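See below for the structure under consideration.
Each ligand, and each atom within it, is numbered from 1 in the order the structure gives. Because the structure is a prediction, the values reported are computed rather than measured. Residues take their numbers from the sequence shown, with the count starting at 1.
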Amino acid sequence: MPAEVIGKPIDRVDGRLKVTGAARYSAEFPVKNLHHGWIVQSTIMSGKVASIDTSAAEKTPGVVCVMTHTNAPKIGTPQGNFGSGGVFAEQRLPLADGVVHHAGQHLAVVVADTIERARHAASLVKVTYDDVTTSLPTLREAMEGASEPGDWFGEQLQYKRGDVDAAISAAGKDGVVFEGTYETPAETHNPMEPSATIAHFEGDNLTVYDATQWIVGTQAILANVFELSKDNVRVICPFVGGGFGCKGFIWPHTILAVMAARMSGKPVKINLTRAQMFTSCGHRPETIQKMTLAAGKDGKLTAIKHETTTYTSKVAEYVEACGQSTSRLVYKCDNVFTPHKIARRHVASPTFMRAPAETPGMFALESAMDELSYALKMDPLDLRRANFAEVNGISNRAWSSNFLLECYDVGADKFGWKSRKPEPRATRDGDHLVGYGMATATFPGLRFPASARVRYYADGKVVAGSSTHDLGTGAYTVFTQVTAESLGVPVENVTFELGDSTLPRGPLAGGSNSSATVSEAIVNAVDDLHKKMIEAAIADAKSPVNGIPADDVEARDGKVIAKADDAKSEPFTAIIARAGKPFIEGSASAAPTAEMRKHAFQSFGAHFVEVRVDELLGRVRVSRVFSAIDVGRILNHKLAKSQIQGSVVMGIGMALMEHTVFDSRTGRPVTDSLADYAVPVNADIRDIDVYFTDKADPYLNRVGCRGVGEIGITGVAAAVANAVFHATGKRVRKLPITPDALL
Ligand code: MOS
């Protein structure tokens with residue numbers, strides 16, 4: 001039997017394609033007669049288009065058409081949802097009218113034969129506006145008229161359990177009450193690959209190459225907007241150069257590319273510029289979070305009040321639900337209140353960004369826990385241990401598996417937490433103040449419905465597939481491993497296909513669900529394949545297992561074998577060859593089961609961070625990070641580690657650098673390049689080490705894995721801020737922690 005392959009740190013199966021440039025991203029597909037669409041965006045945040053003069057652009061050589069709200073083809077309303085696949089990110093259709101709701105709103109698309117001609121012609125489109133708004137209220141100013149929405153994805157946004165106020169006043173007498181307000185800025189995903197769509201009609205058949213985290217969602221939305229059958233819409237996306245959420249929902253530029261293709265009669269590509277990415281596919285909105293924690297002298301929490309204030313745009317319903325899967329469940333506490341208030345602002349629509357809600361939410365909760373630990377004169381790690389939640393406090397369900405305490409222990413040990421002196425400013429190294437900080441990490445363990453197929457060929461090769469995605473995460477590789485191990489064949493024999501809507505239905509690549517979701521579908525498809533192999537063999541007079549009842553024959557390691565007599569066996573390849581088929585296929589769907597409702601699925605972890613702060617310059621260096629993470633069974637240690645390291649890097653960026661700044665006069669992001677929007681580079685990053693508990697989750701799926709893509713960023717910014725406090729004695733409650741905050 002081939003050795004176990006799940007868990008092995010094998011190299012990416014698509015690694016060679018990537019380093020040789022052979023991996024094709026959406027904007028890179030060669031399509032004959034491809035034309036280019038260049039988007040003209042609004043330069044104001046709110047008002048009306050008074051006139052849009054396209055005459056000069058239309059006369060430019062190579063221009064086929066200029067599409068505006070006055071001449072755009074009519075389209076239908078997107079009907080998507082999570083069930084049927086596909087959510088359009090905004091309530092308003094692109095080019096629906098001349099009303100402007102945010103700076104950077106798409107007002108026209110110029111289609112030309114070359115990108116240079118399209119871009120030049122776009123520069124000649126003259127737009128005038130009426131009723132222009134020239135002042136963007138801050139989030140605080142915008143709170144007048146804010147709403148208190150009832151729910152978000154079926155979860156209570158104004159959640160309450162127990163009596164928070166009574167617990168807070170009781171703790172005021174014989175315990176400790178801590179109150180603090182934390183702020184996180186708007187942030188932008190900035191994947192390496194900007195979004196791009198190529199739309200190509202051939203008769204009624206539409207082929208779309210789209211940089212997307214949701215192939216079947218894009219297919220569903222385009223089918224209903226353009227009134228096509230889903231069978232006539234093919235979405236192709238074999239590689240995604242990072243998404244982090246900004247390619248999850250379907251955004252206007254994708255629909256515009258198809259509209260432009262329909263209007264021009266040419267295949268059209270729209271490739272967003274880096275600057276356009278700041279207004280065209282979401283961002284993480286700013287949050288203001290007021291935390292009130294009450295605890296007894298023993299450190300046990302008696303109340304958590306987590307009040308979130310954030311915003312959405314005028315054309316999207318998005319809630320950065322900071323209190324949801326943070327303060328409601330990370331710690332044991334009987335009295336919890338997590339209200340959310342949402343303002344509507346004239347900014348581009350926000351959306352999910354890596355661990356949406358948990359990332360800003362855990363900055364607030366884990367900073368507040370650190371502050372509480374000083375108020376209690378208790379070690380911050382001991383405070384967490386004292387408040388370990390044995391069950392999910394919202395549902396009172398048992399965790400499917402939870403090794404958070406092991407993460408605390410191993411993390412503290414490997415990091416050297418014991419050597420931490422409790423007092424701030426107690427450790428110096430040359431010019432640097434050295435500080436240690438820690439925080440808990442958490443993210444839900446999700447699994448969605450999906451399908452997969454496994455084809456076993458007569459030559460022993462296996463090709464499996466599902467229309468799932470590889471965002472650079474390693475999905476190709478881990479699904480190859482899951483397929484190989486469930487079949488009991490060498491990993492080299494297996495190819496996994498994804499990124500094409502003609503494959504069996506895959507899930508949205510969001511909420512870190514894909515590994516848990518697609519693995520289950522693969523294992524079920526392998527069962528189906530095995531069943532078919534047995535059926536074919538026992539019915540075949542030439543098979544050594546001919547005539548044996550199916551229940552007395554098993555299939556494993558690429559063979560059918562009589563249970564009573566090992567000698568009666570034959571390889572699948574023989575069965576397929578005799579059947580005269582190129583391959584035999586197994587396929588299956590997998591959906592979350594009623595049984596799963598008995599458990600709560602949540603991943604946890606702990607980050608330990610060392611910072612070195614140059615007091616004279618106010619410069620913070622994150623010199624060391626140790627992250628201990630419990631995400632169930634690890635499918636590939638190398639890739640999983642890489643996911644956590646990447647997440648930690650993003651968390652360091654959040655802590656120290658990232659900030660999308662909107663100009664208060666125009667509403668435009670002024671940081672709309674990678675020169676002005678700072679993210680960590682290699683020189684900013686030192687040691688990041690990762691430990692996985694690597695214990696199979698017995699209930700989420702048959703493989704035992706939970707998602708690993710998002711948990712790594714949660715808590716990092718708090719751990720950094722906590723370390724900065726420990727180093728300097730300065731508590732920074734507003735991100736990013738730039739030098740001015742420390743001088
Ligand atoms: Mo993620 S923000 O769920 O793509």
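For ligand 1 and A509, the ligand atoms under 4.0 Å from any heavy atom of the residue are 4 (O). Against a heavy-atom cut-off of under 4.0 Å, E710 is close to the following atoms of ligand 1: 1 (Mo), 2 (S), 3 (O). Interface atoms of ligand 1 facing Q213, defined by a heavy-atom separation under 4.0 Å, are 4 (O). Residue F244 approaches ligand 1 through these ligand atoms, each under 4.0 Å from one of its heavy atoms: 2 (S), 4 (O). Atom numbering of ligand 1 starts at 1 in the shown order; those under 4.0 Å from a heavy atom of P356 are 2 (S). Annotation for ligand 1: atoms under 4.0 Å from non-hydrogen atoms of R354 are 2 (S).
Listed for the T310 side chain is no donor-acceptor partner under 3.5 Å among the backbone atoms of I342. Judged purely by atom type and a 3.5 angstrom limit, H346 uses its side chain to pair as donor or acceptor with the backbone of H101. Counting only distance, with no hydrogens or angles, the side chain of T359 and the backbone of A355 share a donor-acceptor pair below 3.5 Å.
No more than 12 heavy-atom neighbours from other residues, nucleotides or ligands sit within 6.0 angstrom of OH on Y699. Within a 6.0 Å radius of NZ in K734, no more than 12 heavy atoms belonging to other residues, nucleotides or ligands are found.
Atom 3 (O) of ligand 1 has as its closest protein heavy atom G511 N, 2.6 Å.
Applying side chain to side chain contact (heavy atoms under 4.5 Å, CB included) to C281 and the options S349, S195, P194 leaves one that passes, S195.
Distances between N or O atoms of G245 and those of ligand 1 include at least one value under 3.5 Å.
Taking 4.0 Å as the cut-off, G243 does not count as a neighbour of ligand 1 on heavy-atom distance. At a 4.0 Å cut-off, not a single heavy atom of G709 sits close enough to ligand 1 to count as contact.
No side-chain donor-acceptor contact under 3.5 Å links T442 and E358.
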